[in-house]
**Q** 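Mind having a look at this structure? Questions to follow.
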Amino acid sequence: MPPTDRIRDHAGQGATTVAAHRTRRRLRADRARQLADLLRRQLLTDAYPDGTLPHEDALATDYGASRNTVREALDLLRAEGLVARQPGVGTVVVARKYPHGLDRLMGLAETLHEHGRVTNEVRTMGPVPAPAPVAERLQVAPASDVLYIERLRRLNAIPLSLDLTYLPLDIGSALLGADLENTDVFRLLESVTGRSLGHAEITLEAVTADAHSAAVLEAPRGAAVLMLERLTHLADGRPVDLEFIRFRGDRIAMSGLLRRSL
C-alpha cells in the first residue's frame with residue numbers, strides 16, 4: 001500500500017475511533033440523566049429514610065448501570081443541591097423538595113401542613129393603581145386602585161416562595177388589619193366575603209431568578225425558579241385574587257392527578 005494510502009487509512013480509523021468514543025460518551029450521559037430522574041423520584045418520596053443512598057456498586061446492580069454512569073447520575077443530583085458526598089459515609093440527602101398539589105385549590109399552609117409551619121413576611125402592602133393586565137383580569141376599572149401584597153413565605157423558617165398578590169380593593173381593604181403573617185390569603189378571603197372560593201386558572205413555567213428575587217429567596221442569582229400565575233375566583237365566578245408566585249425550584253415539586261377524557 002502506498003504511504004499516502006496508509007496515511008489516509010490511519011486517519012480514517014482515527015476518525016472512526018473518535019466518533020465511537022463520542023457516541024459512547026453521549027450514550028452514557030443519556031443513561032446518567034435517565035438514572036438521575038429515577039433517583040430523584042426516590043429522593044422525593046423518602047425512599048431513603050436514613051438519608052443515605054446505597055453504595056455506588058449497589059445502585060449499579062439495582063439499575064443495571066455501569067459504575068461510571070452511576071457516578072455521573074449522582075453528579076447531576078449534587079449539582080441540583082439534593083445530595084452530597086461525605087467521606088466515610090457515602091452519598092447523603094442534603095435537601096428535600098416538598099410536594100405541592102395542582103389538583104386542589106388550597107393555600108400554601110393548607111398544602112404543606114404535614115411538613116411544618118408556614119410563616120409569611122409581609123414585605124409590601126397597600127393600594128396601588130391597577131396595571132392594565134391586572135385590571136383586565138380582576139375585572140376592575142382601568143387604573144383603579146387594587147390592594148397589592150408582597151410576601152416572602154417560609155416553611156420551617158426556610159425561604160420557599162415570593163408571592164406578589166393583587167386583590168380588588170373593596171375586598172382587599174378588609175385584609176389590611178388581618179393576620180397575614182400566619183394565615184393564608186385564601187382563608188382570609190373566604191372569611192371577609194362570607195363566600196367560598198370556587199376555581200382558579202393557573203399557568204406554571206420555569207423562569208430565571210432576577211437579582212431581587214434571588215436575594216429574597218436566598219437562591220443563587222440566575223437560578224431557575226418555578227413561576228405559578230394563578231387567578232382565583234369566588235364560587236359565583238368573580239375573580240378576586242391574582243398572584244404571581246416564585247417558588248424555589250430546588251425546594252418544591254409540583255404534582256397532580258390528570259384524567260383522560262375525550
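The chain is numbered in sequence order, starting from 1. FYI, side chains are in, hydrogens and waters are out, and symmetry mates aren't considered; it's all heavy atoms of this structure. Since the structure is predicted, the reported quantities are computational estimates derived from the model, not experimental observations.
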**Q** With a 4.5 Å cut-off on side-chain heavy atoms, are V93 and L53 touching?
**A** yes
**Q** Which residues satisfy the side chain to side chain contact (heavy atoms under 4.5 Å, CB included) test with R67, sequence neighbours excluded?
**A** H55, E56, D57, R71
**Q** Can you name the closest pair of heavy atoms from A109 and R153 and give their distance?
**A** N-NH2, 4.4 Å
**Q** Check whether L231 and F247 end up in the same hydrophobic cluster, where Ile, Leu, Val, Met, Phe, Trp and Tyr are linked by side-chain heavy atoms less than 4.5 Å apart.
**A**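 No, L231 and F247 fall in different hydrophobic clusters.
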**Q** Should L138 and D241 be marked as a side-chain contact (heavy atoms from CB on, under 4.5 Å) after you check the CA-CA gap, both sets of side-chain angles, and the distance that decides it?
**A** CA-CA 7 Å; L138 288 178; D241 182 357; 5.9 Å; no
**Q** May I have the step-by-step check of side-chain contact (heavy atoms from CB on, under 4.5 Å) for L39 and Y63, ending in yes or no?
**A** CA-CA 10 Å; L39 293 175; Y63 291 95; 3.9 Å; yes
**Q** Any side-chain heavy-atom pair from Y148 and M125 closer than 4.5 angstrom?
**A** no
**Q** Does the side chain of L147 come within less than 4.5 Å of L176's, by heavy atoms?
**A** yes
**Q** What residues form a side chain to side chain contact (heavy atoms under 4.5 Å, CB included) with A47, not counting sequence neighbours?
**A**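 Side chain to side chain contact (heavy atoms under 4.5 Å, CB included) check on A47 returns Q42, T45.
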**Q** Only counting residues at least two apart or in another chain, list the ones meeting side chain to side chain contact (heavy atoms under 4.5 Å, CB included) with P127.
**A** D145, L169
**Q** Might you work through the salt bridge (Lys or Arg N to Asp or Glu O under 4.0 Å) test for R195 and E190, ending with a clear yes or no?
**A** CA-CA 5 Å; R195 288 174 283 175; E190 291 182 322; over 6 Å; no
**Q** May I ask whether F244 and L204 are part of the same hydrophobic cluster, defined by side-chain heavy atoms of I, L, V, M, F, W, Y residues being less than 4.5 angstrom apart, directly or through others?
**A** no
**Q** Using 4.0 Å as the upper bound for N to carboxylate O, is an ion pair formed by R78 and E80?
**A** no
**Q** Do L59 and L43 sit in one hydrophobic cluster, given that two such residues count as connected whenever their side-chain heavy atoms are within less than 4.5 Å of each other, even indirectly?
**A**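 Yes: a chain of side-chain contacts under 4.5 Å links L59 to L43.
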**Q** Working note: D37 + R41, criterion side-chain contact (heavy atoms from CB on, under 4.5 Å); need CA distance, chi angles, decisive distance, verdict.
**A** CA-CA 6 Å; D37 289 342; R41 175 61 182 172; over 6 Å; no
**Q** Donor-acceptor pair, R248 side chain versus L217 backbone, under 3.5 Å?
**A** yes
**Q** Once ring pair (Phe, Tyr, Trp, His ring centres under 6.0 Å) is applied, do any residues pair with Y98, and if so which ones, sequence neighbours excluded?
**A** H115
**Q** If you round to the nearest 0.5 Å, how far is CG of L242 from CG of L167?
**A**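 Reported to 0.5 Å precision, the distance equals 9.0 Å.
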**Q** Any idea which heavy atoms bring A32 and A73 closest together, and the distance?
**A** O-CB, 3.4 Å
**Q** Any heavy-atom pair between the side chains of L82 and R40 that's under 4.5 Å?
**A** yes
**Q** Under 6.0 Å from the CD atom of E110, do we count more than 12 heavy atoms belonging to anything else shown?
**A** yes
**Q** Checking the side chain of S144 only, and the main-chain atoms of V140 only, is there a donor and an acceptor separated by less than 3.5 Å?
**A** no
**Q** Side-chain contact, heavy-atom cut-off 4.5 Å: L105 with F186?
**A** yes
**Q** Given the rule in the side-chain contact (heavy atoms from CB on, under 4.5 Å) test, do L228 and T203 qualify, once you have shown the distances and angles that lead to the verdict?
**A** CA-CA 6 Å; L228 177 66; T203 301; over 6 Å; no
**Q** Between the main-chain N or O of D179 and the side-chain N or O of T183, is there a donor-acceptor pair closer than 3.5 Å?
**A**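 Confirmed, T183 side chain pairs with D179 backbone.
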**Q** Is it true that a side-chain atom of N120 and a backbone atom of V122 form a donor plus acceptor pair closer than 3.5 Å?
**A**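 Not a single qualifying donor-acceptor pair exists.
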**Q** Identify the two heavy atoms, one from V94 and one from A84, that lie closest to each other, and give their separation to 0.1 Å.
**A**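 Reported closest heavy-atom pair: CG1-CB, 3.6 Å.
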**Q** If only side-chain N and O atoms count, and only distance matters, is there a donor-acceptor pair under 3.5 Å linking S161 with D163?
**A**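 Yes, S161 and D163 have a side-chain donor paired with an acceptor closer than 3.5 Å.
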**Q** Looking only at heavy atoms, what is the nearest atom pair of A200 and T232, with distance?
**A** CB-OG1, 3.7 Å
**Q** Going by the rule side chain to side chain contact (heavy atoms under 4.5 Å, CB included), which residues pair with H199 if we only count those two or more places apart in sequence or in a different chain?
**A**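 With neighbours one apart ignored, the set is E201, H233.
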**Q** Are V83 and V92 close enough that some pair of their side-chain heavy atoms sits under 4.5 Å apart?
**A**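 No, side chains not in contact.
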**Q** Please report the interatomic distance CZ(R246) to CE(M227), rounded to the nearest 0.5 Å.
**A**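 With rounding to 0.5 Å, CZ (R246) is 3.5 Å from CE (M227).
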**Q** Would you call D30 and R26 a salt bridge, using N to O less than 4.0 angstrom?
**A** yes
**Q** Quick one, R31 and L27 - any side-chain contact, counting heavy atoms below 4.5 Å?
**A** yes
**Q** Once rounded to the nearest 0.5 Å, what's the spacing between atom CG of D236 and atom OG1 of T193?
**A** 8.5 Å
**Q** Just how far is it from atom OG1 of T124 to atom CG of L152, taken to the nearest 0.5 Å?
**A** 11.5 Å
**Q** Report whether L189 and L180 are members of the same hydrophobic cluster (ILVMFWY, side-chain heavy atoms less than 4.5 Å apart, transitive linking).
**A**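 Yes; tracing contacts between hydrophobic side chains, which count when under 4.5 Å, links both residues.
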**Q** Do the side chains of L162 and I245 get nearer than 4.5 Å, heavy atoms only?
**A**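 Of all side-chain heavy-atom pairs linking L162 with I245, none is under 4.5 Å.
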**Q** Write down the atom of A135, the atom of A141, and the distance for their closest heavy-atom approach.
**A** CB-O, 4.0 Å
**Q** Answer yes when R151 and D184 have at least one side-chain N-carboxylate O distance shorter than 4.0 Å, and no when they do not.
**A** no
**Q** Please report, to 0.1 Å, the donor-acceptor pairs under 3.5 Å made by any side chain of residues 252-262, with sequence neighbours excluded.
**A**
none

**Q** Heavy-atom count around R187 CZ within 6.0 Å, excluding the residue itself: above 12?
**A**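 For R187, atom CZ is not crowded (no more than 12 foreign heavy atoms under 6.0 Å).
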**Q** Any sub-3.5 Å donor-acceptor pair from K97's side-chain atoms to G249's backbone N or O?
**A**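 Between the backbone of G249 and the side chain of K97 there is a qualifying donor-acceptor contact (under 3.5 Å).
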**Q** Please check if the side chain of N156 supplies one atom and the backbone of I158 the other of a donor-acceptor pair under 3.5 Å.
**A** no
**Q** Is I171 reachable from Y166 through a run of hydrophobic residues whose side-chain heavy atoms are each under 4.5 Å from the next?
**A** no
**Q** Which value, rounded to the nearest 0.5 Å, describes the distance between L76 atom CG and L35 atom CG?
**A** 9.0 Å
**Q** Can you measure from CG (L108) to CG (L160) and round to the nearest 0.5 angstrom?
**A** 6.0 Å
